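Report on the structure given below.
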Amino acid sequence: MGGIDKYRKIIQEILTGHTEIPYACGDIQTETVFDRESDRYLLIIHGRENERRVHGCLIHIDIINGKFWIHRDGTESGIANELLSYGVPKDHIVLGFRSPEIRKHTEFAAE
């Protein structure tokens, strides 16, 4: 397995790992959404905290032109750090949640 298949497997392992981390407050579950045709990968949260409904996207990663585009990262550890721990080079990670002007000053890929 190499290239894009390896990258898909890495994302799926990372997101699945986050589903095993329980929320400290409320009755909130996590769920993965994997769209392998579009190479779009999400971790969503849903449930209730007291009387309030909770629903949203915690992590959103796409694979675009062979690079990881992190569009949303609601984790404390940072998805980019987790990708690095899998041996992904920094120039294959784009912090898509940052503006293009800021991205070019990071140690990661600008696009």
Side-chain angles (χ1 to χ4, degrees):
M1 176 183 6
I4 197 79
D5 287 332
K6 181 178 177 183
Y7 278 8
R8 289 175 178 143
K9 186 175 185 297
I10 289 171
I11 292 174
Q12 291 174 20
E13 283 183 20
I14 289 172
L15 296 188
T16 300
H18 279 274
T19 65
E20 298 168 4
I21 302 170
Y23 260 76
C25 304
D27 181 22
I28 299 174
Q29 291 80 44
T30 55
E31 187 173 303
T32 56
V33 180
F34 300 150
D35 177 357
R36 291 178 60 98
E37 279 189 35
S38 301
D39 278 323
R40 179 161 293 124
Y41 304 88
L42 306 170
L43 182 70
I44 62 170
I45 58 172
H46 58 90
R48 293 214 166 268
E49 184 174 358
N50 298 320
E51 299 301 317
R52 186 175 67 96
R53 169 128 169 90
V54 175
H55 187 272
C57 175
L58 187 63
I59 302 170
H60 174 183
I61 305 171
D62 289 345
I63 299 174
I64 302 172
N65 296 327
K67 294 182 181 177
F68 294 93
W69 277 74
I70 303 171
H71 297 290
R72 167 86 173 112
D73 183 359
T75 68
E76 291 182 19
S77 59
I79 294 300
N81 291 326
E82 293 189 55
L83 291 170
L84 292 172
S85 75
Y86 276 83
V88 175
K90 289 181 179 180
D91 63 348
H92 285 208
I93 301 170
V94 179
L95 305 178
F97 55 87
R98 300 273 187 218
S99 70
E101 293 79 25
I102 298 295
R103 284 198 306 257
K104 64 185 176 187
H105 298 293
T106 69
E107 56 196 57
F108 296 97
E111 57 184 67

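Quick caveat: nothing in here was measured; it's all calculated off a predicted structure.
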Inset, instruction - Have a look at D39 and tell me which of I4, D62, I64 forms a side chain to side chain contact (heavy atoms under 4.5 Å, CB included) with it. - result: I4

Legend entry - Distance in Å, L58 CG paired with R72 CZ, rounded so as to fall on 0.5 Å steps: 6.5 Å

Inset, instruction - Check whether any side-chain heavy atom of H92 lies under 4.5 Å from a side-chain heavy atom of Y7, and answer yes or no. - result: yes

Inset, instruction - Please report the shortest heavy-atom distance between E51 and R48, naming the atom on each side. - result: O-NH1, 3.1 Å

Legend entry - Contact check, side chains of I14 and I11, non-hydrogen atoms, under 4.5 Å: no

Legend entry - T106 side chain to R103 backbone, donor-acceptor under 3.5 Å: yes

Legend entry - 4.5 Å side-chain heavy-atom contact, Q12 and R36: yes

Inset, instruction - Using only heavy-atom distances, determine whether the side chains of S77 and E82 contain a donor-acceptor pair under 3.5 Å. - result: yes

Legend entry - Distance in Å, D91 CG paired with E107 CD, rounded so as to fall on 0.5 Å steps: 11.5 Å

Inset, instruction - Write down the atom of L95, the atom of A80, and the distance for their closest heavy-atom approach. - result: CD2-CB, 4.1 Å

Inset, instruction - First locate atom CD1 of I93, then atom CH2 of W69, and finally report the distance between them rounded to the nearest 0.5 Å. - result: 13.0 Å

Legend entry - Check: I59 and H18 side chains under 4.5 Å, non-hydrogen atoms: yes

Legend entry - Minimum-distance pair of heavy atoms, taken over all atoms of K67 and E111: NZ-O, 2.8 Å

Legend entry - Shortest non-hydrogen contact between D27 and Q29, atoms and distance: OD1-NE2, 2.7 Å

Inset, instruction - Mark yes when over 12 heavy atoms from residues, nucleotides or ligands other than D35 sit less than 6.0 Å from its CG; otherwise mark no. - result: yes

Legend entry - Residue pair I70 / R98, side-chain heavy-atom distance below 4.5 Å: no

Legend entry - Pairwise distance CD1(I44) to NE2(H55) - rounded to 0.5 angstrom: 4.5 Å

Legend entry - Side chains of E49 and Y23, donor plus acceptor under 3.5 Å: no

Inset, instruction - Specify the closest pair of heavy atoms between L43 and L15, including all atoms of both residues, with the distance to one decimal. - result: CD1-O, 3.9 Å

Legend entry - ring pair (Phe, Tyr, Trp, His ring centres under 6.0 Å) partners for Y41, two or more places apart: F34

